[in-house]
Amino acid sequence: MTNHEMIGMGVERFGEQPRPLRVPVPVAGPGEVLIRVAAVAVNPADAGMVAGTYPWAEPARFPVIPGYDVAGTDVATGRPVLAFTAHKATQAGGYAQYVALPADLVVPLPPGVNPVDAAPLPLAGLTARQLLDAVDDAKTLLINGPGGAIGTLLSQLAAERGITVVPVGHEGPVDAAVDVVGGAVARSAFDRVRDGGRYVTVVPEFWVPGGPFGTERGITPRVLVVAYRREQLVDLVERLAAGRLTTKVGAVLPLAEAAEALRIVARAPGAPRVSGKIVLVPDN
Ligand SMILES: NC(=O)c1ccc[n+]([C@@H]2O[C@H](COP(=O)([O-])OP(=O)(O)OC[C@H]3O[C@@H](n4cnc5c(N)ncnc54)[C@H](OP(=O)(O)O)[C@@H]3O)[C@@H](O)[C@H]2O)c1
């Protein structure tokens with residue numbers, strides 16, 4: 001491998017498992033930051049990137065290297081950073097030794113914050129933050145996957161706003177429900193919402209077949225698609241650094257085990273169960 005090459009875990013056609021590919025180290029263009037990756041979180045959407053079901057803004061360019069959430073070092077300054085790859089637009093994946101991203105997507109990581117703890121924050125944290133805004137007039141909130149990445153962060157943010165997060169098994173109607181699972185589990189969350197309450201899902205039907213609900217009992221279902229908001233990511237990082245927000249990391253694996261990580265996230269037969277985010281660490 002030359003100085004200008006790196007290992008990225010990616011696919012050369014849809015349906016393959018991510019495997020080590022020798023690819024050029026990306027070149028940071030004007031207004032971009034080259035990051036040496038220290039930790040990359042594995043998200044359910046990464047599986048769609050290798051399967052070809054992910055909705056990129058433009059046709060996918062191969063090799064496809066997945067990955068939304070990157071913690072590492074700004075190569076130019078030596079400073080720790082956290083980044084959201086905005087894969088839909090950039091197609092720049094974090095499952096690699098280096099990634100180059102527009103500077104707007106990269107925020108400083110305060111010293112002392114472990115990159116493994118920070119890596120799960122961008123996608124799940126931004127989603128949780130935007131879900132909170134969608135239900136912030138609720139006094140009671142049901143999250144149907146409270147132990148997942150979005151669920152744990154949303155639970156903490158909601159509690160700070162004075163919203164009571166009710167346990168999944170709790171009887172009785174709630175002001176708002178957030179679906180992070182989809183399918184039949186989504187329906188049962190919807191059924192718990194009081195008349196005229198709020199229901200928001202982040203699992204639209206392209207991820208989980210099932211069909212959207214219509215308006216019922218004065219509840220208008222809403223699909224939330226996360227949008228990048230730099231100031232929200234900065235705020236989330238500040239909370240993490242101050243100990244007011246914690247991520248839940250279930251396993252740390254070498255980057256080379258990306259395929260196994262995706263099997264675990266997809267709950268593939270025979271794959272071990274991991275509660276919490278899987279974070280991949282490149283050999284850097
Ligand atoms: N719309 C958007 O912009 C957007 C953004 C980010 C993510 N998402 C989507 O949001 C979903 C959640 O993401 P995440 O990162 O929070 O995932 P995650 O960390 O894997 O959490 C998923 C949660 O759902 C629970 N769960 C999964 N399957 C279940 C089932 N069949 N029955 C009951 N509970 C089940 C899990 O329970 P256990 O803890 O017991 O495993 C976990 O609590 C994914 O589908 C992801 O693609 C959407």
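Computed from a prediction, not measured in an experiment: that's the story for all the values here. All heavy atoms count here, side chains included; hydrogens, waters and symmetry mates do not. In each ligand, atom 1 is the first atom listed, and ligand 1 is the first ligand listed.
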Check your understanding: side chain to side chain contact (heavy atoms under 4.5 Å, CB included) between I35 and D74: does it pass, once the steps are laid out?
Key -> CA-CA 5 Å; I35 300 170; D74 177 338; 5.7 Å; no

Review point. Which ligand 1 atoms, with their elements, are less than 4.0 angstrom from a heavy-atom of K277?
Key: 15 (O)

Check your understanding: Which bit of V265 gets closer than 4.0 Å to ligand 1, counting heavy atoms only: side chain, backbone, both or neither?
Key -> neither

Practice item. Would you mind listing which atoms of ligand 1 come within a distance below 4.0 Å of any non-hydrogen atom of V180? Key: 11 (C), 12 (C)

Point to revise | Side chain, backbone, both or neither: the part of A149 lying under 4.0 Å from ligand 1 by heavy atom | key: both

Practice item. List every atom of ligand 1 that sits less than 4.0 Å from any heavy atom of V226, numbering the atoms from 1 in the order shown and giving each element. Key: 2 (C), 3 (O)

Practice item. Please state whether the rings of F14 and W56 are parallel, tilted or perpendicular, taking 30° and 60° as the class boundaries. Key: parallel

**Study point:** Check against side chain to side chain donor-acceptor pair (under 3.5 Å), Y98 and N284
**Key:** CA-CA 9 Å; Y98 293 87; N284 258 343; 4.9 Å; no

Check your understanding: What are the atoms of ligand 1, with element, lying closer than 4.0 Å to any heavy atom of T127?
Key -> 5 (C), 6 (C)

**Study point:** Full working for side chain to side chain donor-acceptor pair (under 3.5 Å) between Q91 and E58
**Key:** CA-CA 9 Å; Q91 298 194 23; E58 293 171 5; 5.2 Å; no

Exercise for review: Give the minimum heavy-atom separation between R198 and I219, together with the two atoms involved.
Suggested key: C-CG2, 4.3 Å

Review point. Which atoms of ligand 1 sit under 4.0 Å from any heavy atom of V225?
Key: 1 (N), 3 (O)

Review point. Under 4.0 Å from any heavy atom of V185, which atoms of ligand 1 are there?
Key: 32 (N)

Check your understanding: Taking distance alone, with no angle check, do V203 and ligand 1 share an N/O pair under 3.5 Å?
Key -> no

Exercise for review: Kindly identify the option in L126, L224, L154, V168 whose heavy atom sits closest to atom 2 (C) of ligand 1.
Suggested key: L224

Review point. With only distance considered, is N144 within less than 3.5 Å of ligand 1 through an N or O on each side?
Key: no

Exercise for review: Please say whether G148 places an N or O atom under 3.5 Å from an N or O atom belonging to ligand 1.
Suggested key: yes

Check your understanding: Looking only at distance, does P44 have an N or O less than 3.5 Å from an N or O of ligand 1?
Key -> no

Practice item. Output every pair passing ring-ring contact (aromatic ring centres under 6.0 Å, His included) with a member in residues 172-191, not counting sequence neighbours, ordered by first then second residue. Key: F190-Y199, F190-F213

Practice item. Report the C-alpha distance between L153 and L121 in whole Å, list the side-chain angles of each, state the deciding distance to 0.1 Å, and finish with yes or no for side chain to side chain contact (heavy atoms under 4.5 Å, CB included). Key: CA-CA 9 Å; L153 293 166; L121 200 57; 4.1 Å; yes

Practice item. Evaluate the criterion salt bridge (Lys or Arg N to Asp or Glu O under 4.0 Å) for residue pair R161 and D133; output intermediate values, then yes/no. Key: CA-CA 10 Å; R161 285 245 185 125; D133 287 345; 3.4 Å; yes

Check your understanding: Measuring from R230:CZ to L126:CG, what's the distance to the nearest 0.5 Å?
Key -> 12.0 Å

Check your understanding: Going by atom types only, do D46 and Y95 share a side-chain donor-acceptor pair under 3.5 Å?
Key -> yes

**Study point:** Nearest candidate to atom 7 (C) of ligand 1, where distance is taken over non-hydrogen atoms, out of V202, V200, I150
**Key:** I150

**Study point:** N/O separation below 3.5 Å, R273 to ligand 1
**Key:** yes

